Each structure stands twice: as structure tokens, then as C-alpha cells.
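The next block holds one structure in the form of C-alpha cells; read it before the comments.
So you know, we letter chains A, B, ... as the sequences are listed, proteins then strands, and number each from 1. On a predicted model such as this, the values are computed, not experimentally measured, just so you know.
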Amino acid sequence: MSAGPAKNPSVVTRFAPSPTGFLHIGGARTALFNWLFARHNGGQFQLRIEDTDRVRSTKEAIDAIIDGMRWLGLDWDGDITYQFERAPRHTEVAEELLKAGKAYKCFATAEELEAMRAEQRAKKQPQRYDGRWRDRDPSEAPAGAPYVVRLKADQEGETTLHDLVQGDVTVKNAELDDMILLRSDGTPTYMLAVVVDDHDMGVNHVIRGDDHLNNTFRQLGIIRAMNWDAPQYAHIPLIHGADGAKLSKRHGALGVEAYRDDFGYLPEAICNYLLRLGWGHGDDEIITREQAIEWFDLTSVGRSPSRFDFKKLENINGHYIREADDQRLTDLVKPRVEKTLEHALSSSEQALLLQAMPFLKSRAKNLNELAENSLFLFEKRPLKLEEKAAKQLENTSGSLLAILRKTLGDLPAWDSESLEKALHDVAEQADLKMGKVAQPLRAALTGRTVSPGIFDVMILLGQDESLARLDDQLSLSPTHS
RNA sequence: GACCCCAUCGUCUAGCGGUCUAGGACAUCGCCCUUUCACGGCGAAAACACGGGUUCGAUUCCCGUUGGGGUCGCCA
């Protein structure tokens, strides 16, 4: 039954995106892992919007993130926390640290610091704040001069992080400089805010991108200064583009809504793909949400970055399309078809789409292909033939089409059995292989060389429409005119 | 430049000292099924980065090299 790793209902995870853009694919995976870990343990999964950057944070981005989370089925517990609203609390902690002598005021100007860094760069020294105000008294500063509050970080010893994914990572405390807690305008920085929020929200498992690994040591400094318990950390490797470099737009660094709207992927396919990127469960490839919840654990998360592979995503998406409910697919494909057709589908056309879905869905890897492949059902006569289809008909004798037209026209019953027999008879009489008969017929009926089975096509189209489309081609046939 | 992380087929991965003549999946290439295209089935090709150790024995442990990545903001 419960084959998965041991459960711990006290687990609290969170996803904390900054709303400066859409929910990108890497963020989606981080959210998924946090969600899975919480659900597996029967714990809590929280959503926190890190909107402390007032200039770059937008309402649109917040909506896009929430929309993306919902689409992927990643539901969170409780209300969304907006970090900016908690600024007073962050400031309070900074003041407390200041009072306890664990933080201090630094009056160095931005220009001064830039000069310091430039010098360090020139001397090929590590770039970090040199602690010039660490032991000076504020009275040494010009009256009323602006200042930032910095953490008085430990200079001696080293810190070892027991990361749930990366293992033990040790960094010398001397490597870390005194980070800014409060900006000169009094607003809290990200470093302070995350630590305080995670603590106050009871977050005990921080699962985030590898790019935060170095930050963790700084954050640990604040936690130590406050005498708080540190959460467990799990730094998951980043997703790279197909070329191994940082995920660029061209290589998939798009918002999840692009995967939904532009590429036509199903959320379950995205989740399955993302789950397998960096995490594995033996040889399992297709993993249901229930299995994922049951099996997910942090110890099986890989330590190396993985490359984003559209081909594999397409394959998985194709699998889920084949599995998906016909009505659901019809609803998803309808707007795409309507966009191409430039008019709304009538209720009978929608019914036809639904009826065709079982034959369409095994041939598509995404919803765009699905829509594209269904177009022949709705196109108005006379059909515009694809180049290959036109060529196919050119190479077909008009007499064969005429025989087909007559045979099919005389058919009293329009079901697959009758149609199959009719076509076989025609092929036999003309001494042709089935393909030589079916292909031109397909070209005439769909305008393409690729379609669902020819009998299915005829049934979907109906006898009248099928014959009419055949007539269209017959009237154009040189041997007939 | 400093610090940190990573390293199995083209890609995602299984492997947790002997079971490995290294398994699966995607992609690729054959064949089969077949009215086309898919689906499905069968098969092929394809990897332990390199060099040192440790060990009776390393893909698995340690060190180094190389190669990738991340971080060094009054951004998050």
C-alpha cells in the first residue's frame, strides 16, 4: 500500500515566486516538487508572493502565477501571503537585531561601495563588503546621513548545510560579508524577508532552485542571530536549455501559459515531464498524480542539472492526449479550430468534432495538431487540396474516381462494413491494391494525404458530403471533362 | 577572479563495491501491423569525461584534471 517513503504530517513547504514575470517552467517544477512533498507527507503547501520589489512586481504577473498554479492543479493551503504586506514585521526583526548588537548601521554610499568593488575586481580579490562600518560608531557619520542596516555576520569558523538534495555543503564564514537587512529607505531586503516569513509561516522544508544554495549560508546567519530553528533545505538543480546553457526563451524559458496556449500541452503532461526531470522512480516514465504523491521523495532528486527536451515532452503529451476524455479534448480543441476557420462551430459541428475525437487523438502530440487534423471535417467545398493530395489525384485515372462515385452513390447502407466491402470490390475489379483506391479517395475527401482511417472519414462526413466532395474532384478530372 | 555545486547512451534517467557482456524511456534507424499517418509490436545503433589512488575487485569510495553550471546588488 504505502510503498512510498515515511510520512511526516508536520511538513510545511512553500512556493515563493516573485511576480516580476509569468510562472516560468523552472518555477513550475519547483512548485510541483514542493507541492508533491507536502502532499506526500500529508502536510501543508503554502503560496507566498514575494512582491517586495515594488517597481518590478505587477498585478498581471501575480494573476499569471495563480492562473498557472491552478492550471497545473497545484493547490495551496490557506491564504496567499503577500510579502510586501509583512514589511513592518521584517523591520521589527531588523530593529531587534540592531538592538541586540547583531546588526549595525552602515553609512557607506552606493558610489563608495561600487568603488570598493571595482578595486577588488582590479586586484582580482573576492568581491564583498569589507565591513568598514562594522565596528564604527554611528556618530562618526555625517548627521542625518542615510544608512543601511547590515547583519553582523560571524567571521570565524564555518557553516555546514545538510542539504536534503546536495548533501553536506560547507562554507567558511569568512567568505560571507555582512549583508544588508534594511535598505537606506528603510525597506527590508529579500534576504531578511524570506527568513522571517519562512519562520513565521512555520515553513520547515525549503525546496528551491540551486541558484539559492549560496544564499542559504547568508540566511542561516540571520536565523542564528535570531536563535531560530533552521528549516531543512533541499536545493534542486536548475533546468537548462537543450544546448546545456541557461534556459533561454528559445529553449523553453516561457510561462506555463505558453505551454498551454501556444504549444497545446496538457497540464498532466507538463507535470509528468517536469517530475521526471531530475527525479526518478526506477524505470517508471508515465506516472499518475496519485503515484507521484505516493512515491515522491527528496532523496531521489538528482544533483545534476538537466536539459529541457521538447521531443520527450511531446511524446508524453501525446500519451496523455490519447488517454484524455473525448469531451474534454473537444472543448480544448474547439477554440483552436474556430480560430483557423474564423467562425464559431455550430452545435452540430461540435458534435461532429466530438464524434471524430477517438480517431483524431491517436494522431496528435499536441492540441494544435489535433485541431489541424480535424479541419477537414469543417472545410467548405470545394476543398483546397494540399499539394501532395492534388498530385495524388492527378495521378489517378478519372475512371477510377467515377467508379468509386457510382459504387458509393449506390450504397444503400453507410456503415464501415458496407464501405469496406464496397471499396474492396472496387479495388478487385480495377485490379488495384487497396492503397491505390483508398489514397485518392482520401485526397478527394479530406484534401490531404494523411487522415484517420478512410472508412471513419466517410462515416464522419456522411454519404452526402462524401459524394459531393468526390463530385468536386470528378468535375475537375481531365478525363471526365 | 573568489566561493559553491555537478559529471552514465544525443537527451531524461536506473545503478547505491562483485548481480554490468551497464537496464528503461525519448529521439534516430530498420522490420512487422496497415488504406495514409499515427498508435502498437519487434529489433539495431548509442554511455560509465580523463588521470591517480583505496580494494581481491570499481560505474559505484577518495583526490586531482578537464568540462559544465550557480553565486558574488540598497533584485528576488
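- Side-chain atoms of Asp284(A) and base atoms of A25(B) include no donor and acceptor less than 3.5 Å apart.
- A donor-acceptor contact under 3.5 angstrom links the side-chain atoms of Lys312(A) to the base of A25(B).
- Shown here for Met458(A) and Ser466(A), the closest heavy-atom pair between the two residues is O-OG, 3.5 Å.
- The side chain of Asp309(A) approaches G10(B) more closely than any other nucleotide in the set A76(B), G10(B), U71(B).
- Under the Watson-Crick and G-U wobble criteria, each requiring two contacts below 3.5 Å, nucleotide U60(B) is left unpaired.
- Of the nucleotides present, none pairs with C39(B) by Watson-Crick or G-U wobble criteria with both distances under 3.5 Å.
- Distance CZ (Arg117(A)) to C1' (A2(B)): 15 Å, rounded to an integer number of Å.
- Checking A38(B), A76(B), C6(B) against every side-chain atom of Tyr190(A), the shortest atom distance belongs to A76(B).
- Where Arg29(A) and Ser451(A) each meet RNA chain B at their nearest nucleotide, the meeting point lying more 5' is that of Arg29(A).
- Against RNA chain B, the stretch residues 422-437 of chain A makes heavy-atom approaches under 4.0 Å through Met434(A), Gly435(A).
- The distance from atom CZ of Arg128(A) to atom P of A2(B) is 12 Å, rounded to the nearest whole Å.
- Of the candidates C3(B), U35(B), C6(B), C6(B) carries the atom nearest the Ser304(A) side chain, counting heavy atoms from C-beta on.
- Following rounding to the nearest Å, His240(A) (NE2) and G68(B) (C1') show an atom-to-atom distance of 8 Å.
- Across all strands shown, U54(B) has no partner, as no Watson-Crick or G-U wobble contact with both distances under 3.5 Å is found.
- Both Asp210(A) and Thr449(A) sit near RNA chain B, but only Thr449(A) has its closest nucleotide nearer the 5' end.
- OP1 or OP2 of G40(B) has at least one side-chain nitrogen or oxygen of Arg322(A) nearer than 4.0 Å.
- Listed candidates were A2(B), C5(B), C12(B). Nearest to the side chain of Arg307(A) is C12(B).
- The Leu277(A) side chain lies nearest to C12(B) when the options are U36(B), C12(B), C39(B).
- Comparing the P positions of C50(B) and A58(B) gives an interatomic distance of 15 Å, to the nearest angstrom.
- Contact detail for Leu181(A) and Leu192(A): the closest heavy-atom pair is O-CD1, 3.7 Å.
- As rounded to the nearest Å, G15(B) and G53(B) have C1' atoms that lie 23 Å from one another.
- Side-chain proximity of Ser362(A) to the nucleotides U35(B), A38(B), G10(B) is greatest for A38(B).
- In this structure, CG in Leu298(A) is found 9.0 Å from CZ in Phe33(A), a value given to the nearest 0.5 Å.
- Rounded to a whole Å, the CD atom of Glu175(A) is 14 Å from the P atom of C72(B).
- When distances are taken from the side chain of Asp283(A) to each of U71(B), G23(B), C37(B), the shortest belongs to G23(B).
- Considering only side-chain atoms of Arg150(A), the nucleotide from A76(B), C74(B), C72(B) that sits closest is C74(B).
- Closest approach of Tyr273(A) and Asp309(A) over heavy atoms only: OH-N, 2.7 Å.
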Determine, step by step, whether Thr446(A) and Ser451(A) satisfy the side-chain hydrogen bond (donor to acceptor under 3.5 Å, both in side chains) criterion, reporting the C-alpha distance in whole Å, the side-chain angles of both residues, the deciding distance to 0.1 Å, and the verdict. CA-CA 7 Å; Thr446(A) 68; Ser451(A) 83; 4.7 Å; no

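- Going from atom CG of Leu161(A) over to atom P of C3(B) covers 19 Å, rounded to whole Å.
- A distance of about 13 Å separates the C1' atoms of C9(B) and U59(B), rounded to the whole Å.
- The distance between the ring centers of His205(A) and Phe37(A) falls below 6.0 angstrom.
- Taking atom C1' on both nucleotides, A27(B) is separated from G70(B) by 29 Å, rounded to a whole Å.
- Using a cutoff of 4.0 Å between basic side-chain nitrogens and carboxylate oxygens, Asp177(A) and Arg218(A) are scored as salt-bridged.
- Nearest to the side chain of Arg363(A), among A2(B), U36(B), C5(B), sits U36(B).
- Side-chain atoms of Thr189(A) stay outside donor-acceptor range of the base of C74(B), with no qualifying N/O pair under 3.5 Å.
- When rounded to the nearest whole Å, the span between NZ of Lys311(A) and P of C12(B) equals 15 Å.
- A donor-acceptor contact under 3.5 angstrom links the side-chain atoms of Arg442(A) to the base of U35(B).
- For the P atoms, the distance from A49(B) to U8(B) is 6 Å, rounded to whole Å.
- Taking the C1' atom of each, G57(B) and C6(B) are spaced 27 Å apart, rounded to whole Å.
- In this structure, Phe308(A) and Tyr259(A) have perpendicular ring planes: the angle between them is above 60°, well past the 30° mark.
- Of the candidates C74(B), U35(B), C4(B), C4(B) carries the atom nearest the Val171(A) side chain, counting heavy atoms from C-beta on.
- Judged by the 6.0 Å distance and 45° axis criteria, Arg208(A) is not positioned over the aromatic ring of Tyr233(A).
- Between the OH atom of Tyr129(A) and the C1' atom of A2(B) there is a distance of 20 Å, rounded to whole Å.
- The shortest distance between the side-chain N/O atoms of Asn315(A) and the OP1/OP2 oxygens of A27(B) is below 4.0 Å.
- We find that NE2 of His24(A) is positioned 16 Å from P of A76(B), with the value rounded to whole Å.
- Judged by the 6.0 Å and 45° rule, Arg48(A) forms no cation-pi pair with Phe15(A).
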